[in-house]
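Scope of the values below: all heavy atoms of this structure, side chains included, with no hydrogens, waters or symmetry mates. Lettering follows sequence order; numbering is per chain, from 1.
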Number of protein chains: 2
Amino acid sequence: MTDPEPTHDIEAVFREKGIPFTRQRRLIWEFFAGADRAATIGEAADALRGDGVGQATVYRAVILLSDLGLLARVQDRRGEICYTAPTIGHSHPLICGVCRRVVRFDGDGDVKELEARLSAATGFSIYGHHLEVYGICPDCRRDGGAGG
Amino acid sequence: MTDPEPTHDIEAVFREKGIPFTRQRRLIWEFFAGADRAATIGEAADALRGDGVGQATVYRAVILLSDLGLLARVQDRRGEICYTAPTIGHSHPLICGVCRRVVRFDGDGDVKELEARLSAATGFSIYGHHLEVYGICPDCRRDGGAGG
DNA sequence: AACTGGCGTGAGAACCGTTCTCAACTGCTG
DNA sequence: CAGCAGTTGAGAACGGTTCTCACGCCAGTT
Ligand SMILES: [Mn+2]
Ligand SMILES: [Mn+2]
Ligand SMILES: [Zn+2]
Ligand SMILES: [Zn+2]
């Protein structure tokens with residue numbers, strides 16, 4: 001459970017791959033990276049409408065950022081699809097079920113053994129996993145739901 | 001990683017709660033329980049259309065079965081929502097990314113320690129988790145994708 | 001400075017999975 | 001048989017996501 005390294009220098013990632021880092025992409029990135037909790041695409045689109053960012057562009061940018069590993073899809077307890085950043089380096093989210101605040105952790109030490117046993121028992125060759133932990137953050141516990 | 005107990009006696013679950021176990025609900029249950037791999041609601045509806053099961057009924061039954069804990073929602077690697085049974089007793093799915101075959105396991109021993117550490121480190125009170133493991137099953141590995 | 005080609009963008013339409021509506025039906029009870 | 005509560009199916013409605021296409025932007029060229 002080491003703290004994963006935070007995400008930095010997104011522009012460098014784009015530059016490296018020769019992908020333009022446009023005004024819209026910056027705003028969309030900042031929306032997700034600046035939040036400490038997971039947000040839906042709809043929420044991002046609503047928030048950025050005033051800044052002249054079209055809905056289609058938000059969808060496209062989220063796909064792009066996800067492909068680049070700069071955004072991770074998670075689902076809240078009700079199954080709603082949200083996105084959260086940063087996610088550079090492998091990590092998993094601990095999500096507050098009330099306010100969707102996300103704390104990232106690296107839990108692979110715990111999963112690796114399990115995967116080895118599973119592989120041996122089933123013959124599957126394992127290539128990945130999806131682990132999310134749900135809880136209530138201290139703030140939400142204290143004030144019963146308003147949550148930051 | 002103990003094998004979880006298989007699901008049995010769904011009729012009893014329904015009877016106990018006073019919920020009618022109709023012809024349609026039986027067919028829908030059998031569709032998911034009889035498959036060894038996760039399926040989407042659309043696939044179930046397509047398969048049962050010929051048996052006079054309406055699409056709305058499939059949606060309603062899947063919600064009902066999920067609420068009763070008789071069906072679990074999983075997502076395949078592309079994020080598609082599928083459902084899989086049986087799921088009586090807590091378990092997690094190991095999913096073949098090619099053919100969606102599901103093998104269930106109980107990995108909570110591995111996750112429990114992690115949760116304790118997370119709780120101590122963050123102050124979150126943890127109430128749940130979502131763990132799926134992805135792999136390629138022996139069949140799909142052998143014949144390169146047809147997968148049973 | 002004008003031109004050009006390629007990509008990114010936004011408004012709105014199209015699409016499609018999911019939910020809703022409502023009348024018919026089913027299985028009970030008296 | 002009448003009454004009632006719950007279930008069902010066809011189709012309409014809904015809403016999130018994707019697509020279309022004209023336009024804007026920028027780098028490179030002349
Ligand atoms: Mn991991
Ligand atoms: Mn578990
Ligand atoms: Zn919270
Ligand atoms: Zn397979």
Side-chain angles (χ1 to χ4, degrees), chain A residues 10-32 38-68 70-84 100, chain B residues 10-32 38-68 70-84 100:
Chain A
I10 293 86
E11 299 191 44
V13 176
F14 276 76
R15 208 177 313 118
E16 223 164 83
K17 311 236 177 193
I19 301 170
F21 193 57
T22 62
R23 181 183 72 88
Q24 289 88 341
R25 285 169 181 171
R26 159 170 279 115
L27 285 166
I28 293 162
W29 164 253
E30 286 173 350
F31 175 84
F32 285 104
T40 64
I41 292 183
E43 288 163 356
D46 289 348
L48 299 174
R49 183 161 304 125
D51 300 320
V53 178
Q55 167 193 64
T57 302
V58 178
Y59 277 93
R60 289 187 282 235
V62 167
I63 292 171
L64 177 61
L65 290 166
S66 299
D67 286 351
L68 292 172
L70 297 168
L71 226 42
R73 171 171 49 197
V74 303
Q75 50 185 328
D76 67 17
R77 216 63 237 281
R78 302 195 314 289
E80 267 212 285
I81 305 292
C82 306
Y83 291 83
T84 176
R100 291 203 301 222
Chain B
I10 292 87
E11 299 192 45
V13 176
F14 276 76
R15 208 176 313 118
E16 224 163 82
K17 311 237 177 194
I19 300 169
F21 193 58
T22 63
R23 181 183 72 88
Q24 289 88 340
R25 286 171 180 169
R26 158 170 279 115
L27 285 167
I28 293 161
W29 164 254
E30 286 173 350
F31 175 84
F32 285 103
T40 65
I41 293 183
E43 288 164 354
D46 288 347
L48 299 173
R49 183 162 303 126
D51 300 321
V53 179
Q55 164 194 65
T57 302
V58 178
Y59 277 93
R60 289 187 283 235
V62 167
I63 292 171
L64 178 60
L65 290 166
S66 299
D67 287 350
L68 292 172
L70 298 168
L71 226 42
R73 172 172 47 199
V74 302
Q75 50 185 328
D76 66 18
R77 215 67 236 281
R78 302 195 314 289
E80 267 213 285
I81 305 292
C82 306
Y83 291 84
T84 175
R100 292 204 300 223

Novice: Would one find a side-chain N or O of A:Q55 under 4.0 angstrom from OP1 or OP2 of D:dG16?
Specialist: no
Novice: Can you tell me if B:Y59 touches the phosphate of C:dT19, counting only side-chain N or O atoms and a distance under 4.0 Å to OP1 or OP2?
Specialist: no
Novice: Looking at A:T57, I'd like to know whether one of its side-chain N or O atoms comes within less than 4.0 Å of OP1 or OP2 on C:dG8.
Specialist: no
Novice: Whole angstroms only, please: what is the CG-P distance between B:L48 and D:dA10?
Specialist: 13 Å
Novice: What I'd like to find out is whether the side chain of A:P20 reaches to under 4.5 Å of the side chain of A:R25, using heavy atoms alone.
Specialist: yes
Novice: With sugar-phosphate meaning primed atoms plus P, OP1 and OP2, does A:G42 contact a base, only sugar-phosphate, or nothing at under 4.0 Å between heavy atoms?
Specialist: nothing
Novice: Which of these nucleotides, C:dT9, C:dA11, D:dT8, is closest to any side-chain atom of A:Q24?
Specialist: C:dT9
Novice: Does D:dT8 have OP1 or OP2 sitting under 4.0 Å from an N or O in the side chain of B:T22?
Specialist: yes
Novice: Starting at atom CD1 of B:I81, determine the distance to atom C1' of C:dG17, rounded to an integer number of angstrom.
Specialist: 12 Å
Novice: Give the C-alpha distance, both sets of side-chain angles, the deciding distance and a yes or no for side-chain contact (heavy atoms from CB on, under 4.5 Å) between A:R60 and A:Q24.
Specialist: CA-CA 11 Å; A:R60 289 187 282 235; A:Q24 289 88 341; over 6 Å; no
Novice: Report the residue (A:I41 or B:G54) whose heavy-atom-nearest nucleotide on DNA chain D is the more 5′ of the two.
Specialist: B:G54
Novice: If you look at every heavy atom in B:W29 and B:L70, which pair is closest and at what distance?
Specialist: CZ3-O, 3.1 Å
Novice: To the nearest angstrom, how far is A:R26 atom CZ from D:dC25 atom P?
Specialist: 17 Å
Novice: Rounding to an integer number of Å, can you tell me how far A:I63 CD1 sits from C:dT9 P?
Specialist: 13 Å
Novice: If only side-chain N and O atoms of B:R25 are considered, is one of them under 4.0 Å from the OP1 or OP2 phosphate oxygen of D:dT8?
Specialist: yes
Novice: At less than 3.5 Å, do the side-chain atoms of B:R60 and the base atoms of D:dG9 form a donor-acceptor pair?
Specialist: yes
Novice: State whether the side chain of A:R73 and the backbone N or O of A:I81 hold a donor-acceptor pair below 3.5 Å, judged by distance alone.
Specialist: no
Novice: Classify the angle between the aromatic ring planes of A:F21 and A:F14 as parallel (below 30°), tilted (30 to 60°) or perpendicular (above 60°).
Specialist: tilted
Novice: Expressed in angstrom and rounded to an integer, what is the separation of B:R23 atom CZ from C:dC25 atom P?
Specialist: 15 Å
Novice: If I take atom CD in residue B:E43 and atom P in nucleotide C:dT18, what distance separates them, rounded to the nearest angstrom?
Specialist: 11 Å
Novice: Would you mind reading off the distance between B:F21 atom CZ and D:dT7 atom C1', rounded to a whole angstrom?
Specialist: 14 Å
Novice: Could you give the CG-to-C1' distance, from B:L27 to D:dT8, as a whole number of Å?
Specialist: 13 Å
